[in-house]
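A quick write-up on the structure given underneath.
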Amino acid sequence: MENVQYAEELVREFLVFRGFTNTLQAYEAELSTEIGRNFEVDKILDLVFSVYIPKYQLDRLLSIFSFLKQCFTSPADTVLYTALLKLEQSVLRYYVVNALKSGRQEKVIEFFSVGGSYLMQKREDWIAWFAIPYIKNPSLDPQFRMYFSKEWSDTLVLSFRNFLSGIFNGTRIPALMKISTEKNMIKCLKSDIKQLNNKLSELQALLEVKEVELSLLRRNDHSINSGHKNLLKITTAGSSVGGQAFSGVYEESSTSSTTVQGVNSQTLSSAKSRAEKLCDSSRMSNAENEQILVTEEDFPEVKVDFQETFLGHNSSISSCRFSASGSNIASSSTDGTVRIWTYDSSTPSSKNATIYCGAEVSALSWECRSDRLLLIGTANGGIKAWNADAKRVVCDLSTSKDFPSVLDLKCSPVDPVFVSAAASRRHGSTIFDRTGFASLTVWHMKTWKPLTVLPLGEDPPAITSLCFNHNGKILAASATDGMIHMFDMSAGLQITGWPAHDSPVSSVLFGPAETSIFSLGSDGKIFEWSLHNQGQIIWSRDCSRFCNPESFNKRMHEVALDSNGKRLLATSGLVRAPIYQVQGHERGLRTLPHTAPITSVDWHPTRSIYVTGSEDHSVRVTSIL
């Protein structure tokens with residue numbers, strides 16, 4: 001049954017990925033019944049004798065027997081295979097008899113026309129039946145009379161039931177239940193390879209420690225034998241630990257050789273400590289698909305094509321977003337000001353504007369199909385719709401009094417709707433502690449009225465980030481309890497979810513092919529989750545040096561993915577932000593510095609250009625080579 005459950009998960013994940021939400025609902029409903037948990041004989045009999053035969057669905061009737069032959073029998077199993085062939089023959093004869101009883105002679109002619117070549121393979125069994133459409137009263141014909149009797153049809157149903165019960169309740173395993181055998185073998189092999197790599201890395205590190213020890217001992221022996229009594233500096237060069245040069249400068253006392261031994265002990269202790277760290281790093285490297293081991297300090301600075309700085313704000317930047325075309329940028333600050341501007345002098349500035357919201361701006365979202373509408377969410381529960389062409393607010397909405405803080409807004413990429421994530425308030429030291437329960441509301445962008453409230457259960461933790469898939473049928477949402485939720489927007493229901501972090505999740509977004517989801521936790525961990533194998537991490541990075549827990553006291557961090565899905569940009573509690581290489585083995589990059597922490601990031605929808613907002617009141621647009 002474990003393999004059957006694995007197959008069910010594959011089907012579910014495929015339907016979620018393709019956005020087949022109606023099919024998914026029917027599939028989930030079937031799984032909740034007994035037929036979904038096992039092969040149910042009565043359901044199959046009902047399908048054959050109440051659907052396929054009465055509705056003359058010959059192709060589906062034949063597919064049932066094709067499935068049974070393929071999955072449960074083989075020509076080598078003579079007894080079972082012969083019994084199935086005879087059963088198929090009787091059911092097909094029942095199909096013909098039922099059509100004649102219903103006066104559908106054309107269906108009988110169609111039956112022999114479509115299946116004639118197949119039936120002629122059993123010539124002796126069917127040769128007489130080819131004449132039955134043209135016999136005036138076949139039910140009175142001695143050759144066919146038996147097949148029109150109720151006793152024969154009842155016996156057929158009973159035989160079919162007994163046959164299905166025998167193969168489903170027996171020891172025969174269908175091919176469906178064997179599909180993961182090869183996958184499990186591959187998993188075991190990969191696990192063994194990883195364990196061998198870990199052992200090899202540990203042994204290599206220990207060997208390098210021994211080499212350092214021997215090198216130091218040789219140098220000490222040489223120094224003592226040569227009678228040096230002055231200050232001695234020992235520099236070990238050329239020894240390599242993990243591919244990096246190991247060097248150090250140590251002092252030796254001129255009065256005692258025991259000091260030399262003490263210094264060497266400290267040196268060896270330092271070497272061992274570093275080797276242990278390298279062992280840990282090596283294990284981490286193997287666990288992360290053997291990515292190249294580098295720290296963020298080693299990240300080279302980005303190579304810049306051009307950079308523009310916007311200085312139109314008077315307080316810390318809370319959000320900055322490219323428009324759908326990438327020509328315009330909307331940026332907001334904590335003083336409640338939103339600015340729309342362009343970074344390219346060749347772009348018309350007709351949409352440039354300043355919007356005063358009267359409260360701290362917490363979320364921005366452009367309409368996905370044009371640069372016309374901008375949604376603005378505020379910390380006091382306000383939602384404004386700004387028409388960039390008309391340069392005016394076309395609608396001013398408010399969340400309910402129970403949820404007075406807007407945490408995120410997202411427009412559907414296809415339908416004229418958007419979703420707001422609002423939260424109640426409470427006292428706390430961090431921004432997550434200050435958010436209470438969640439409310440997810442779907443709004444119509446024509447009437448500007450709420451359509452529905454997405455179900456989250458009783459007293460749900462606050463939703464911090466939202467993201468649509470490409471066709472707007474699936475909505476991903478992250479929560480302060482570490483969960484990622486997935487919603488079917490057509491049905492307005494939650495379809496799946498899983499615990500992604502042991503801490504609040506502050507940002508979530510779909511991967512480039514929408515076969516994965518990225519999440520950023522308040523612990524600084526970035527995970528890429530597979531949607532084919534729910535709960536499986538396929539890529540990860542520790543971003544805690546930049547997104548340290550202390551920086552979450554003021555704001556939520558976020559991540560943004562470039563249009564190719566290869567580079568992931570994160571906000572930072574430092575003056576530089578990291579750009580991680582998601583695919584391949586290239587090292588990450590560091591942005592050019594602001595003069596204060598980086599509070600918001602976004603990528604251009606089509607080009608290698610990103611925007612960063614900072615606590616230094618500036619917004620920078622950077623094109624990289």
Q.
Could you tell me if the side chain of Leu520 sits less than 4.5 Å from the side chain of Val505, heavy atoms only?
A. no
Q.
What I want to find out is whether Arg372 reaches Asp389 closely enough, with some N-O distance under 4.0 Å, to be called a salt bridge.
A. no
Q | Worked verdict on Leu24 versus Asp488 for side chain to side chain contact (heavy atoms under 4.5 Å, CB included) | A | CA-CA 9 Å; Leu24 179 63; Asp488 172 8; 5.9 Å; no
Q. With under 30° as parallel and over 60° as perpendicular, where do the rings of Phe418 and Trp448 fit, or are they tilted in between?
A. tilted
(Q) Could you work out, with salt bridge (Lys or Arg N to Asp or Glu O under 4.0 Å) as the rule, every residue matching Arg60, not counting sequence neighbours? (A) none
Q. Can you tell me if CZ on Arg369 sees more than 12 non-hydrogen neighbours from other groups inside 6.0 Å?
A. yes
(Q) Walk me through whether Asp562 and Arg607 qualify under salt bridge (charged side-chain N to carboxylate O under 4.0 Å, His left out). (A) CA-CA 8 Å; Asp562 72 351; Arg607 301 170 60 187; over 6 Å; no
Q: Sequence neighbours left out, what pairs pass side-chain hydrogen bond (donor to acceptor under 3.5 Å, both in side chains) with at least one residue falling in residues 398-409?
A: Asp408-Lys410
(Q) Side chains of Ser420 and Trp443 only: does a donor on one sit below 3.5 Å from an acceptor on the other? (A) yes
Q: Could you pull out all residues at least two apart from Arg321 that satisfy side-chain hydrogen bond (donor to acceptor under 3.5 Å, both in side chains)?
A: Glu558, Ser600
**Q.** Between Ser332 and Ser318, a side-chain donor and acceptor under 3.5 Å
**A.** yes
Q. Which is it for Val442 and Leu475 under the side chain to side chain contact (heavy atoms under 4.5 Å, CB included) test, yes or no, and what are the steps along the way?
A. CA-CA 11 Å; Val442 183; Leu475 177 74; over 6 Å; no
(Q) Distance alone, cut at 3.5 Å: any donor-acceptor contact between the side chains of His557 and Thr571? (A) yes
Q.
Counting the benzene-type ring for Trp, do Phe437 and Phe403 have ring centres under 6.0 Å apart?
A. no
Q: Can you sort out the partners of Arg339 under salt bridge (Lys or Arg N to Asp or Glu O under 4.0 Å), two or more places apart, ordered by chain and number?
A: none
(Q) My understanding is that only residues two or more places apart in sequence, or in another chain, count here; which of them pass salt bridge (Lys or Arg N to Asp or Glu O under 4.0 Å) with Asp481? (A) none
(Q) Under a 3.5 Å cutoff, is there a donor and acceptor pairing between the side chains of Thr342 and Asn328? (A) no
(Q) Under a plain distance cut-off of 3.5 Å, with no hydrogens placed, do Ser522 and Ser506 share a side-chain donor-acceptor pair? (A) no
Q | Aromatic ring proximity Phe65/Tyr52, centre distance under 6.0 Å | A | no
Q: Take Phe111 and Tyr56 through the test ring pair (Phe, Tyr, Trp, His ring centres under 6.0 Å) and record every step on the way to the result.
A: CA-CA 9 Å; Phe111 170 83; Tyr56 307 107; over 10 Å; no
Q) Do any pairs count as a side-chain hydrogen bond (donor to acceptor under 3.5 Å, both in side chains) and have a residue in residues 507-516, sequence neighbours left out, and if so which ones? A) His470-Glu514, Ser516-Glu528
Q.
Parallel, tilted or perpendicular: which one describes the rings of Phe527 and Trp529, with boundaries at 30° and 60°?
A. perpendicular
**Q.** Asp502 bridged to Lys525 by N-O distance under 4.0 Å
**A.** no
